[in-house]
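Side-chain atoms are counted along with the backbone in the values below, which use heavy atoms only and exclude waters and symmetry mates. Counting starts at 1 for both ligands and their atoms, following the listed order.
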Amino acid sequence: MAEVVIENLVKRFGQDALAVDNISFTVREGEFVTLLGPSGCGKTTTLRCIAGLETPNEGDILIGGELFTSSAKGICLPPEKRHLGMVFQSYAIWPHMSVAENVAYGLQAQRTPRAEITERVKKALDLVGLEGLGDRNATKLSGGQQQRVSLARALAYNPRVLLFDEPLSNLDAKLRERMRLELANLVKELKITSVYVTHDQAEAMVMSDRIIVMKDGRIQQEGNPHATYNEPANSFVADFIGVANIMEGKAAEGDSASGVWVEIPDLGARLLCSSGAREGVQAGADVLITVRPEYILLAENGAADQNRLEGEVREAVYLGETWDCLIQVKDYSLRVHVRGDAELRPGQSVSMAISPAKCVLLKD
Ligand SMILES: Nc1ncnc2c1ncn2[C@@H]1O[C@H](COP(=O)(O)OP(=O)(O)O)[C@@H](O)[C@H]1O
Ligand SMILES: [Mg+2]
């Protein structure tokens, strides 16, 4: 178990293909951190640099305070000297071996004594819920069980850090959802520092202590799931995680104790925004704000709340628990999630209210 520190990591492929563009982050001991972002944003490359499978062009990687990679000092420890466990999307199961042999494979390569291998393999299989299946042919197992075999193989090393690259992507939706929690709970119980890579925002939300959102090789935001969802730093994060209404406006005044009043021409209204990037906003500045659909509440007519909007229901899709609506307010079509027990129909006039705390100023 160990802390992972990444400092100013840069990785280029060829002349100008910048896969990782100067990123720095720390994963504390026992913490579960997810690198989240769309395909091609540099997640796998970052993970492979940590594993020692890629040599970065610039930057340092420290694990447990030890310098594993330093481009300035010309250090790049080979993977087998890093004592990290890796779990990939493809299970990397050897077809002609039993489950136990697959789990033991890396330990044999390390010349671990036979008795110790047997014990560690058994313990790892117990941990992932495959007790008693050691003698089975590994390829005869289901996809979910094969993924457990690759997790058991990683755990059998007694790794200081676990690295996961989209390990659940090949499983069907139901199993994937179940495995999310199971996997996260297991590594948290074992208190193993984990770096997890996914493009699936729901997976990242459920599993992580902290999420690092990436785009084009750069970090966009770093924070716990709650903060990432509720105070997205910019429009990319707001849009990538969950559903977001994003609106352009002008600050009517500078930041004050209650927030920033933003004039939004598309809505024909002013909204008081008390979340997000308020600091230093000047009167007259162009700003972007975002509001989540479930934070826009239908209000009784006549109530004198701040941030009131009047609109007309354009579309209302009933999902049982909620209505997924488009509500037209002047020139903007607001996405609004309304409780399922409300009565709604297209063409209906509605009054809405948004708490200033749910109106988030974005950094872009
Ligand atoms: N071995 C490679 N050679 C050339 N380009 C690569 C190589 N590996 C990755 N890239 C490029 O680097 C960028 C980041 O890739 P990657 O780290 O795999 O992204 P992600 O895992 O987020 O999908 C992409 O543009 C990809 O095409
Ligand atoms: Mg990848």
For each nitrogen or oxygen atom of ligand 1, which protein N/O atoms lie closer than 3.5 Å, and how far apart are they, rounded to 0.1 Å?
| unit_1 | atom_1 | unit_2 | atom_2 | d |
| --- | --- | --- | --- | --- |
| ligand 1 | 17 (O) | T45 | N | 2.9 |
| ligand 1 | 17 (O) | T45 | OG1 | 2.5 |
| ligand 1 | 19 (O) | G42 | N | 3.2 |
| ligand 1 | 21 (O) | T44 | N | 2.9 |
| ligand 1 | 21 (O) | T44 | OG1 | 2.7 |
| ligand 1 | 22 (O) | C41 | N | 3.2 |
| ligand 1 | 22 (O) | G42 | N | 3.1 |
| ligand 1 | 22 (O) | K43 | N | 3.0 |
| ligand 1 | 22 (O) | K43 | NZ | 2.8 |
| ligand 1 | 23 (O) | G40 | N | 2.6 |

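- Annotation: side chain to side chain donor-acceptor pair (under 3.5 Å) contacts of T290 (sequence neighbours excluded): none.
- Relative ring orientation between Y295 and Y229 is described as perpendicular, the plane-to-plane angle rising above 60° on a 0-90° scale split at 30° and 60°.
- Side-chain atoms of N137 come within 3.5 Å of backbone atoms of T139 as a donor-acceptor pair (strictly under, hydrogens ignored).
- Not one N or O on the side chain of R210 forms a donor-acceptor pair closer than 3.5 Å with the backbone of E222.
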Please report the C-alpha distance between R339 and E294 in whole Å, then the side-chain angles of each, then the deciding distance to 0.1 Å, and finally whether the salt bridge (charged side-chain N to carboxylate O under 4.0 Å, His left out) criterion is met. CA-CA 9 Å; R339 279 179 49 167; E294 68 276 23; over 6 Å; no
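- Checked by atom type and distance alone, the side chain of E312 never pairs as donor or acceptor with a backbone atom of Q348 at under 3.5 Å.
- Applying the salt bridge (Lys or Arg N to Asp or Glu O under 4.0 Å) rule to E58 yields the partners R12; only residues at least two apart in sequence or on another chain are considered.
- Excluding waters, the set of protein N, O or S atoms lying under 2.8 Å from the Mg ion (ligand 2) comprises T44 OG1.
- Residue L62 is not grouped with residue L77 when hydrophobic side chains (ILVMFWY) are merged at heavy-atom distances under 4.5 angstrom, including chains of intermediate members.
- Checked for salt-bridge contact, E119 and K123 miss the test: no charged N lies under 4.0 Å from a carboxylate O.
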